[in-house]
Amino acid sequence: MQPDAVSAEVEKSLTLEFDDNRLALELFGSHHNHLVRIERAFDVSADARGNLVTITGPAESVEFARTVFDHLYARLQRGQPVLSEDVEAAIRMVLATGAVGDADIEVRVRQRTVSPRSSTQATYIRAIDKHDLVFGLGPAGTGKTYLAVAKAVERLVNGHVDRIILSRPAVEAGEQLGFLPGSMREKVDPYLRPLYDALYDMLPAQQVVKRLESGEIEVAPLAFMRGRTLANAFVILDEAQNTTSVQMKMFLTRLGQNARMVVTGDLSQVDLPKGTRSGLRHAVEVLHQVPNVAFVHFSEADVVRHPLVSRIVRAYNDAESRLGLGARYESGPAGSDDAID
C-alpha cells in the first residue's frame, strides 16, 4: 500500500513569557487588538493570560508570530511605543523575509525615533548612510520622502551638515499654476507642502520656523537651484519624475563638498507634457553604473499608508500591464537593484 501523499501540516504550541507585566499589556494592545492582528496575519491562535501568550498553529506560522512578538517587545524595552502601524510593519517584514531584522537601523530625530517598516526601507536608510547620491524609486506611500527628510534632520541636528535643502519641481497635475491667487511664494508653497509636513513631524514647530528663517532649512522650487553649489548640506529632490533631463542634470551637478543628495520619484506618475521624457528615467539609465550612486526600488508591497493604498497601486499596475501602457518602471537597468555595495 502506497503511503498517503498528503500529510497534515505539523501543528505547534508555544508559550512566551514576558518579564514586565506592564509592557506585556502594551504589547498585546488595547482589547488585545495587536494579538488579533497577529492571529489573522499568520493564521494562528494567540491566547494571552497575564504576561504569558500561548501561540498555537502551523509550526512555521507559530515561529513567525514568535518573531513578531519578540521584536515588538524589544521595542517596548527600548522605550519605544508599539502602535498598530508598528505591528503591521513587523508582520510585513516577517512575511517578506521570514524575519524582522534591522532592529538597529533607526533614525533618531527630536520628535521621534523612525524605524524601517519594510525590508526595502531598511535598505534605503542603509544606502543613504553609505552613499553620497541615492535614488529612491517607487509608488506613493512607501516612505521615500519621509525617510529622506528624517535622515536629513538627523544629520543636521547631529552637526554632520550645516543645512537642509528640500526641493520639488513646480509641475501642475492637470491644473494651471499661473491661475492660482497670491504671490509667487503663495503659488509655489502648495507644491512643497508634503516637505513641510515631514519637517513638522520631525522637529518642534518653533524649531522648524526658526531654522527656516535662519536658512538652516530651505524649501524651494527646483528652478531656484540653478547656478548654486550645495556644500555641507543634505539635499532632497522630491517628485523627481517631473523633471526634464536638463533640469535633472542641473540639479545633480549642484552637489558640493560634504554634501549628500537623495532623489525620490515615481515613474508611473509623470505629469510632464506629453512627449517630454522624464529626467528621472534618463538619470537612472545614465548613472546606474556610476560609483557611489545607489538605486533603491520600492514596490506596492512596501506601501505603509492605509492597506487599501497598496491594493490600489497593484490594481492600477495590473490594469496598465493588461493595456500595454508601459507606464510603469519596475526594476531599472540590469543590476541597478544591486547598486548598494
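Residues: numbered from 1 along the sequence shown.
Residues passing the side chain to side chain contact (heavy atoms under 4.5 Å, CB included) test with F135 are L133, L137, L252, V263, L280, A283, L287, V293, F295, sequence neighbours excluded. The side chain to side chain contact (heavy atoms under 4.5 Å, CB included) test applied to A198 returns Y146, V149, not counting sequence neighbours. A search for salt bridge (charged side-chain N to carboxylate O under 4.0 Å, His left out) contacts involving K12 returns E63, not counting sequence neighbours. Residues satisfying the side-chain hydrogen bond (donor to acceptor under 3.5 Å, both in side chains) test with N258, not counting sequence neighbours, are N232. A search for side-chain hydrogen bond (donor to acceptor under 3.5 Å, both in side chains) contacts involving Q121 returns nothing, not counting sequence neighbours.
Using a cut-off of 4.0 Å between Lys/Arg side-chain N and Asp/Glu carboxylate O, R117 and D86 are scored as salt-bridged. The existence of a salt bridge linking K210 and E213 is excluded, since no basic side-chain nitrogen approaches an acidic carboxylate oxygen closer than 4.0 Å. In this structure, R22 pairs ionically with E26, as a charged nitrogen and a carboxylate oxygen lie closer than 4.0 Å. Under the 4.0 Å criterion applied to side-chain N and carboxylate O atoms, D129 and K151 are assigned as salt-bridge partners.
Partner of V114 under the side-chain contact (heavy atoms from CB on, under 4.5 Å) criterion, out of V153, L147, I125: L147 alone. M225 pairs with exactly one of L237, I165, T253 by the side-chain contact (heavy atoms from CB on, under 4.5 Å) rule, that one being I165.
Here the CE-NE2 distance, from M248 to H282, works out to 10.5 Å after rounding to the nearest 0.5 Å.
For residues 156-167, no residue pair satisfies the side-chain hydrogen bond (donor to acceptor under 3.5 Å, both in side chains) rule, not counting sequence neighbours.
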